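Report on the following structure.
All figures in this text were calculated on a predicted structure; none of them were measured in a lab. Residues take their numbers from the sequence shown, with the count starting at 1.
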Amino acid sequence: MKLLDQYRRLYTFLQGQTQQPGLPSLAQAMHCSERNMRNLLAKMQQQGWLHWQAGRGRGNHSQLDFLQTPDTLALDHLSHLLARGDLEQAFASLEDGQRQQLAMRLPEYLGVPDAACRSLRMPLFRKVESLDPLKVYGRLEAHLVRQIFSRLTTFDHQQNALMPAIAHHWESEKNATVWHFWLRPGLSFHDGMELGVDDVKASFLRLRDESAIYQRLYRHLQHVETGPSRRVSFYLEHPDQLWPHCLATANSSIVPRHRNTDFERFPVGSGAFRVIRNNTYQLTLQAFKDYYRERPLLDEIDLWMLPPPSGPSGFDLQFGYANEDCTKKQTVAGAESGCTYIICNPCRNAFKTVEQRLALADWLAPEMLIDPNERSRKAASGLLAIWKHRVAKKTRCSSFKAGCKLRMVSGQTQEMLSLAATIKQRLEAGGVTVIWTSLPFDQLLARDWMKDADLVVTREVMHDDQDFGCYEWFAADSVFRRWMPDAALKHIDLDLMKIKTLPDSKRRMLAYARIGKRLVQEGWLIPISHENQQVSIAPHVAGVRMTPFGFVSFDEMWLKH
């Protein structure tokens with residue numbers, strides 16, 4: 001880029017000259033010696049940018065002709081960088097306005113194949129937050145962590161069962177208060193360091209001791225012991241039949257005892273892919289050759305951060321890239337396991353009682369908000385699609401007092417913005433003045449907005465293990481728990497404690513349903529919709545198998561051509 005910048009300066013200088021300047025004038029304009037000026041001109045001529053003929057003899061001037069404009073060369077240079085996938089260098093020399101223009105052109109280069117390796121480029125419409133398992137909360141980050149790190153156990157959606165991962169066997173004793181896990185031999189991290197029992201121990205003590213949204217799930221861990229035959233033993237304060245399920249979550253990923261200061265951006269794990277690039281514009285994952293399972297079928301996954309679409313995109317995820325006019329592109333739809341719902345702040349006078357909260361639920365009856373023919377979502381009467389806890393009553397009379405003002409918060413995805421706009425319109429039809437704020441993902445996570453908000457439109461998407469997903473939803477430091485009074489939370493926590501003693505998943509699911517019913521019938525959570533996810537698949541991409549979590553394992557995908 002330095003030579004191109006010098007060419008631009010030279011080009012600009014000559015635009016203001018009425019006749020061909022000599023070499024001394026050129027050198028003075030470029031702030032260099034005549035010798036260096038000759039070298040610069042020779043390099044630029046070799047690139048085919050200009051033609052320069054040195055003057056010979058007294059009175060004969062040099063002849064300099066430009067063959068390319070700097071803007072044309074810059075565009076060619078950027079196009080080459082984009083085709084090569086080097087987004088950071090392409091954006092580095094641009095101003096903000098130029099960066100926005102270039103960002104709009106990125107989709108043109110998503111489909112450019114890399115002949116050197118089996119690489120797949122995929123678009124993302126928001127930046128990736130922390131990739132440290134301790135701090136993972138969003139669905140996107142959780143999915144990426146699952147590709148970068150390994151865990152003791154894993155949940156197989158097809159078999160609906162917990163399966164061994166880097167622990168090949170486990171067993172419990174003392175009424176499920178002690179759990180023993182045995183690690184596979186020959187495990188290593190991406191940097192070549194051995195993954196051993198001490199790394200497992202340190203990972204879980206970190207989860208227990210350091211503040212995070214899911215810290216409550218690990219607080220009953222008393223201590224961890226390591227023993228012969230690569231054994232790790234967990235000692236718990238109370239019986240927990242769900243402990244092996246907890247160890248399959250993204251947060252329970254095993255991290256090295258010794259981590260670099262930039263671990264959040266460049267984590268070192270032991271999963272199928274390792275991070276080789278992470279900047280403002282892209283995240284690149286490369287297959288890990290020493291992964292304990294089968295090697296991924298792709299060499300690289302290159303994720304590009306694109307500007308969000310101005311309207312509904314027609315898909316939530318795009319595996320590979322195909323032009324919009326491509327008739328061979330496939331679309332796969334699937335129902336997510338979870339719910340989009342509203343939480344009202346019970347500290348506000350408008351929502352102190354059950355009757356007030358249910359009146360809000362009736363005014364926002366999902367049938368009044370959602371078109372029955374809408375494919376992307378369906379009306380909810382429970383926190384899971386299989387639960388029918390309360391059917392909102394359609395009412396024509398608003399219960400809000402005249403002049404009522406409510407502050408509502410939502411996320412910024414297109415789906416959430418569309419639904420929040422509909423909710424705002426319905427509330428205003430009931431005589432409410434709605435002050436609506438949509439926040440980017442990182443600000444939603446910070447939760448500084450909670451002290452001023454009256455309503456929040458939010459969404460819960462559970463991972464493939466619906467059993468533990470329900471427990472995690474109700475037990476972790478969720479937004480609704482922050483607003484619920486201690487007395488109401490105490491009842492839920494007592495029920496959750498009993499659930500952890502149940503060895504049978506069916507009985508646990510029935511108990512979760514009772515908790516969900518109480519939350520809905522007392523108006524702590526107001527179910528609105530269950531989402532259907534649309535996945536777009538380019539014709540050259542195979543191995544895409546969607547799960548209730550809404551993603552697929554990257555190591556299952558491959559390219560047909």
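Within the structure, ring-ring contact (aromatic ring centres under 6.0 Å, His included) pairs that include any residue of residues 249-269 do not occur (at least two apart or interchain). Within the structure, the ring-ring contact (aromatic ring centres under 6.0 Å, His included) test picks out the following pairs touching residues 195-231 (sequence neighbours left out): F204-F234, H220-H238, H220-W243, H223-Y235. Note on residues 263-287: pairs passing salt bridge (Lys or Arg N to Asp or Glu O under 4.0 Å), not counting sequence neighbours, are K135-E264.
Proximity of L519 to I492: side-chain heavy atoms (C-beta onward) are separated by under 4.5 Å at one or more points. Between S376 and N532 the shortest side-chain heavy-atom distance does not fall below 4.5 Å. Contact annotation: the side chain of S130 never approaches that of E141 to less than 4.5 Å [non-hydrogen atoms, C-beta and beyond].
The line from CG of L217 to CG of L242 is 10.0 Å long, rounded to the nearest 0.5 Å. Note that the CE atom of M509 and the CH2 atom of W387 stand 5.0 Å from one another [nearest 0.5 Å].
For R219, the side-chain contact (heavy atoms from CB on, under 4.5 Å) partners two or more places apart in sequence, or in a different chain, are Q215, R216. Partners of E171 according to the side-chain hydrogen bond (donor to acceptor under 3.5 Å, both in side chains) rule, which considers only residues two or more places apart in sequence or in another chain, are H169. Every salt bridge (charged side-chain N to carboxylate O under 4.0 Å, His left out) that D477 has, sequence neighbours left out, goes to R447, R482.
When each of N278, D302, I301 is checked for a side-chain contact (heavy atoms from CB on, under 4.5 Å) with L283, only N278 meets the rule. D240 pairs in a salt bridge (Lys or Arg N to Asp or Glu O under 4.0 Å) with only one of the listed residues (K500, K174, K498), which is K500.
For the pair D495 and R518, the salt-bridge criterion is met [side-chain N within less than 4.0 Å of a carboxylate O]. By the 4.0 Å N-to-carboxylate-O rule, E194 lies close enough to R230 to be salt-bridged with it.
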